[in-house]
Amino acid sequence: MEYVDYYKILELDKNATDEAIKKAYRKLARKYHPDLNPGDKEATKKFQQINEANEVLSDPEKRKKYDQYGKDWQHAEQFEQARQQRQSSHAGGQQFSGGFDAGDFSDFFASMFGGSTGGSRQTKFRGQDYSAELTLNLTDAYTTHQQTITVDGKNIRITIPAGIENGQKIKLKGHGAAGINGGPNGDLYITIEIAGHPRYKRLGNDLYTTADIDLYTALLGGEIFVETLSGKIKVKVLPETQNGTKIRLKNKGFPVYKQEGQFGDLYITYQVTLPTNLTDNQKELFTQLSTM
Amino acid sequence: MPMQEEDLIPADEFCVQHKVEFSFIHALQNYGLIEIVTVNQKTCIPLEKLKDLERFIRLHYELDINTEGIDAIAQLLNRIENMQDEISSLKNRLRFYEE
């Protein structure tokens, strides 16, 4: 557990007046308030630190204890006992919730002061939203399927619709924190991350891949089997196909999100492979061809 | 589709819980920031707007931002959200060319 420099967090020196603390807190709270920085985890973390710093420095008793023990905070227990004997009271400073649990303070704070004493404006009615990340591979995202995730020790079974995009968010209504005073539960937002695939590249609903064809098929034409996400398919290769030729297979790409039966296209780029280890006879024939 | 009663929260109840004046809710409605409906002569707030409303209350009571400011912030946050969606889409396109 590390010592936390509350003065540094509020960008103040140790002689800061109550008014200066209040001013610094308000300024930084506006800057890092989660409602003004949606989805910014760093801002949320900073906001919690600012709240914690204010909780200590705006309370004369806590500030005194903090100033007295500082880096030697682990010996604060004796001070605490003396304080309890005096049974002093404290009204608590103003503290912003930012829609988050204000009691979510550092271990340092909990060790020194025994948890949050509250004092924040209780505006929370609807439960807090939760967010989570789920990594899928491309083949998972190709079909509508179910996944089980664990939130707050509870298993939640969710359906992932086929065609979901990398970075897309799924909202699960009512799976966030419980509401307060009869308010509704918060929601759970799951951000989907789709890992890259060694064979396919995805662009929207279209898939891109490469297929090797030998020299003879490229020259004379023929048929090849191409692996797709829905199985192998037979593809006709036209005679005199050039290396790098790109063909489009309609509706063989990725499923369109929440549009059942609709698919993007599959683009195949042919890579012509040249024969190696030629026999003398083959060399002779190629030589004849080259002089015709 | 008509709104079901379970999808609504009585405004007076909400104001008591949050210790806010109804005039503030009314001001937000005038700016088109939230929607208020009347069911059986009772003023109610749609459940789906609760998240926004609680955010506006925090902005007002915690950060001293007035209704005009909240309106401006709501519009800017909306633009940020759209831009974040666009960034996400562009990142996916970029990934296609980088892989």
Side-chain angles (χ1 to χ4, degrees), chain A residues 25-27 29-40 47 51 94-100 102 120-129 165-169 171 173-174 176 179-187 189 191-198 200-204 206-208, chain B residues 6-21 24-25 33 45-65 69-70 72-99:
Chain A
Y25 173 59
R26 293 194 72 82
K27 187 184 164 198
R30 272 193 182 182
K31 188 174 174 185
Y32 294 106
H33 197 281
D35 285 325
L36 300 176
N37 298 276
D40 186 340
F47 182 75
N51 255 343
Q94 187 196 16
Q95 186 197 319
F96 302 156
S97 72
F100 290 81
S120 67
R121 182 189 159 76
Q122 179 58 277
T123 61
K124 221 162 67 174
F125 181 63
R126 181 182 174 278
Q128 191 185 326
D129 287 340
E165 188 59 91
N166 182 47
Q168 197 171 329
K169 279 192 174 75
K171 179 181 163 185
K173 211 177 161 185
I180 294 163
N181 296 326
N185 289 357
D187 301 325
Y189 290 88
T191 305
I192 303 293
E193 192 188 318
I194 299 174
H197 193 280
Y200 303 100
K201 280 170 50 164
R202 179 184 177 191
L203 188 56
D206 295 331
L207 285 176
Y208 292 77
Chain B
E6 59 263 29
D7 295 332
L8 300 165
I9 285 180
D12 53 355
E13 207 177 286
F14 179 86
C15 289
V16 169
Q17 291 288 354
H18 283 74
K19 300 183 185 78
V20 296
E21 297 288 327
F24 175 66
I25 309 279
L33 289 165
I45 300 155
L47 213 55
E48 60 183 35
K49 299 288 171 193
L50 208 55
K51 188 180 175 182
D52 287 341
L53 180 54
E54 289 192 336
R55 188 171 71 213
F56 299 149
I57 288 169
R58 287 194 296 269
L59 292 175
H60 183 64
Y61 289 96
E62 294 185 357
L63 300 181
D64 286 337
I65 296 168
I70 291 172
I73 286 169
Q75 286 184 40
L76 289 172
L77 286 177
N78 194 32
R79 279 173 63 182
I80 288 173
E81 198 181 327
N82 290 338
M83 278 158 70
Q84 279 170 339
D85 287 345
E86 199 179 340
I87 287 169
S88 176
S89 164
L90 290 171
K91 271 185 180 172
N92 284 339
R93 287 186 74 86
L94 188 64
R95 189 166 88 155
F96 174 81
Y97 294 105
E98 281 182 342
E99 270 177 5

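Sequence lines set the chain letters: A, B, ... in the order given, protein chains first and strands last, and positions in each chain run from 1. Since the model is a prediction, treat every value here as computed from it, not as a measurement.
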Verify the ring-centre separation between His60(B) and Phe56(B): is it less than 6.0 angstrom?
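Phe56(B) vs His60(B): aromatic centres not under 6.0 Å.
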In terms of heavy-atom pairs under 4.5 Å with chain A, the winner among Leu53(B), Ile80(B), Leu77(B) is Leu77(B)
Salt bridge (charged side-chain N to carboxylate O under 4.0 Å, His left out) with Asp52(B): which residues, sequence neighbours excluded?
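By the salt bridge (charged side-chain N to carboxylate O under 4.0 Å, His left out) rule, Asp52(B) matches Arg55(B).
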Where the side chain of [X] meets the backbone of [Y], is there a donor-acceptor pair that is under 3.5 Å apart?
X	Y	answer
Glu54(B)	Arg126(A)	yes
Asn166(A)	Ile194(A)	yes
Asp129(A)	Asp187(A)	yes

Taking the six-membered ring of Tyr208(A), is the NZ or CZ of Lys201(A) close enough (under 6.0 Å from the centre) and on axis enough (within 45°)?
no
If contact means a heavy atom pair closer than 4.5 Å, which residues of residues 82-92 of chain B contact chain A?
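Answer by number: Gln84(B), Ser88(B), Asn92(B).
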